K.L.:
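Just dropping this structure here.
A quick note: this is a predicted structure, and the numbers were derived from the prediction, not measured.
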Amino acid sequence: MEDVLPESVMLDVLSRLPVKAIVRFKCVCRKWRDLVSDPYFVRLHLSRSHEALMIYKCCIGTQGSLEWVEMMEHEDKYHLHPVKSLICVRGPPFSFAGSVNGLICCYRPYDSVYILNPVLKEYMILPKLQLENEMCSYGFGVSTVGEYKVILCNPTVSFVQNKVYGTDHTLVHTIGTNQWRVLGQTPNHTNSIQIGPGVFLNSHVYWLGYGQVYDFDLNTETFELFPSPSGRYRKSKLGVLKGKLSLILLGSLGLEVWVMNGKSWYKERTIQQNIRTILRSYPVCLIDGLKDTGILIVHDEATKKLLAYCLNTNATLHLNCRADFFTIMTYRPSFVKLHSFQRVDFRYDKVTKQHYYFF
């Protein structure tokens, strides 16, 4: 019996469905399972996948949880729509290094670095490093030729392949290899980079630190430095809005939104209205909302709750999300398989599927 629809039409239809529906359809028959695993479908779905949030929540004495949520709009107001929740094993809180094409890079201090795909419930453990301390800045991105790389800017002594390295060096791990590489030429002041994840955009990873923007080119594996907007600010956050590198600055008079054009910054707007709650909060994430809006997610340190602040309307939404510890980033779901990165001559510590725990 011939198919009712051509395969190309089926791929187009499936790629437009919500992830939950696609995962269920994989169980219908072998042909549909193969279609969803087809590289063309993976690329097509990723191009149409909407940006969401990934939130790691941890309360004292309990297991942590990884919450995948979408920003939904209803009657001109935003709310969080839960998509999936994964339970994490007990242990020290972990942090995000970044997310690219549906793959999440996260790490535990003094432990391991992980690559995770929540849609497929797959994860891998990268080769371990011995670090003197974990005051490091991590980044995760993909080059223009499709090489996924984890970057670690380490201001202290490290031991890599039984060799001792001094301060201010950068380590790079390319997914699909089995080692960390130490770059020969790095800025002699990488310890100025703010501790935390870098921001990925167009084969570059960016960090902010002491009045400088650190730009790491994933193609050439070199740094370039250029100044951030001048002035002193209490709080700041790099992010991506509408496909451009953006910088949120929270000063005493209000909130400033800067956007990078080429290698120079311009101020897009200054917001002073209804900003009191935002000023006592800490910026954690920027995300593109619906209808060409920009959303700033902040953590209200007084109430331990998340707030969403619309940069276009100045509206503040109290999100129903509370925890002692938050780690948040933007996330775009995909069906990229981790097993496709393995080579014959080695295996990562673990590339596996887990239905409840991912490490």
K.L.:
How long is the straight-line distance from CZ of F216 back to OG1 of T222, given to the nearest 0.5 Å?
P.N.:
7.0 Å
K.L.:
Go through the steps for Y148 and I115 under the test side-chain contact (heavy atoms from CB on, under 4.5 Å), then give the verdict.
P.N.:
CA-CA 10 Å; Y148 289 76; I115 307 295; over 6 Å; no
K.L.:
Determine the sole option in V145, N202, V172, I151 for which the side chain to side chain contact (heavy atoms under 4.5 Å, CB included) test with L218 is passed.
P.N.:
I151
K.L.:
What's the shortest heavy-atom distance between E256 and T270, and which atoms?
P.N.:
CG-OG1, 3.9 Å
K.L.:
Can a donor-acceptor pair be found between the side chains of N219 and T144 at a distance below 3.5 Å?
P.N.:
yes
K.L.:
So, does W258 use its side chain to make a donor-acceptor pair with the main chain of L249 at under 3.5 Å?
P.N.:
no
K.L.:
Are any non-hydrogen side-chain atoms of L152 and V150 less than 4.5 angstrom apart?
P.N.:
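No - every pair of side-chain heavy atoms lies 4.5 Å or more apart.
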K.L.:
Could you pull out the closest heavy-atom pair between G294 and L241, with the gap in Å?
P.N.:
CA-CD2, 4.1 Å
K.L.:
Distance only, no hydrogens: is a donor on one side chain within 3.5 Å (strictly under) of an acceptor on the other, for S49 and R332?
P.N.:
no
K.L.:
Only one of Y138, Y56, F96 passes ring pair (Phe, Tyr, Trp, His ring centres under 6.0 Å) with Y107; say which it is.
P.N.:
Y138
K.L.:
Please report the shortest heavy-atom distance between I175 and M124, naming the atom on each side.
P.N.:
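Heavy-atom minimum between the residues: CG2-SD, 4.1 Å.
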K.L.:
Measuring from R16:CZ to I22:CD1, what's the distance to the nearest 0.5 Å?
P.N.:
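Spacing of CZ (R16) from CD1 (I22) equals 11.5 Å.
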K.L.:
Please name the pair of heavy atoms, one in I297 and one in A308, separated by the smallest distance, quoted to 0.1 Å.
P.N.:
CD1-CB, 3.8 Å
K.L.:
Where do G141 and F200 come nearest, in terms of heavy atoms and distance?
P.N.:
CA-CD1, 3.5 Å
K.L.:
In Å, rounded to the nearest 0.5 Å, how long is the span from OG of S112 to OH of Y123?
P.N.:
10.0 Å
K.L.:
Among the clusters formed by ILVMFWY side chains lying less than 4.5 Å apart, do L46 and M54 turn up in the same one?
P.N.:
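No, no single cluster joins them.
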K.L.:
Under the side-chain contact (heavy atoms from CB on, under 4.5 Å) criterion, do V42 and K337 qualify, and how do the steps go?
P.N.:
CA-CA 9 Å; V42 173; K337 291 183 65 64; over 6 Å; no
K.L.:
Hey, does L103 have a side-chain heavy atom less than 4.5 Å from the side chain of L338?
P.N.:
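Sidechains of L103 and L338: in contact.
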K.L.:
Given V298 and Y309, is the side-chain contact (heavy atoms from CB on, under 4.5 Å) satisfied, shown in steps?
P.N.:
CA-CA 8 Å; V298 300; Y309 182 75; 5.6 Å; no
K.L.:
Could you point out which residue of E221, E147, R181 forms a side-chain hydrogen bond (donor to acceptor under 3.5 Å, both in side chains) with T174?
P.N.:
R181
K.L.:
Let me confirm one number: the CG-CG distance from L247 to L208, rounded to the nearest 0.5 Å.
P.N.:
6.0 Å
K.L.:
Under the criterion side-chain contact (heavy atoms from CB on, under 4.5 Å), I'd like the reasoning laid out for F335 against V119: C-alpha separation, chi angles, the key distance, then a yes or no.
P.N.:
CA-CA 7 Å; F335 289 86; V119 173; 3.6 Å; yes
K.L.:
Please answer: with hydrophobic residues joined when any side-chain heavy atoms are less than 4.5 Å apart, are L311 and V259 in the same cluster?
P.N.:
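No, because L311 and V259 fall into different hydrophobic clusters, even though each may have its own neighbours under 4.5 Å.
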K.L.:
Would you call I248 and V257 a side-chain contact if the rule is heavy atoms closer than 4.5 Å?
P.N.:
yes
K.L.:
Please work out whether the ring planes of W68 and Y331 are parallel, tilted or perpendicular, with thresholds of 30° and 60°.
P.N.:
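The arrangement is perpendicular - the two ring planes meet at more than 60°.
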K.L.:
Do L286 and V199 have side chains that get closer than 4.5 Å, going by heavy atoms?
P.N.:
no
K.L.:
Can you check whether L245 reaches W265 side chain to side chain, under 4.5 Å on heavy atoms?
P.N.:
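Yes. Closest side-chain heavy atoms under 4.5 Å.
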K.L.:
Looking at F226, I want to see if its CZ is surrounded by more than 12 non-hydrogen atoms of other residues, nucleotides or ligands under 6.0 Å.
P.N.:
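Result for CZ/F226: enclosed.
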K.L.:
Once rounded to the nearest 0.5 Å, what's the spacing between atom CG of L17 and atom NE2 of H45?
P.N.:
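Here the rounded value is 8.5 Å.
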K.L.:
Can you give me the closest heavy-atom contact between S228 and V213, atom names plus distance?
P.N.:
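Heavy atoms only, the tightest pair is CB-CG2, 4.0 Å.
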K.L.:
Do F140 and V113 have side chains that approach each other closer than 4.5 Å (heavy atoms only, starting at C-beta)?
P.N.:
no
K.L.:
With side chains defined as the heavy atoms from C-beta onward, is the minimum distance between L120 and V336 less than 4.5 Å?
P.N.:
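A side-chain contact under 4.5 Å is absent here.
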K.L.:
Hey, does T330 have a side-chain heavy atom less than 4.5 Å from the side chain of S99?
P.N.:
no
K.L.:
To the nearest 0.5 Å, what is the distance between CE (M329) and SG (C105)?
P.N.:
8.5 Å
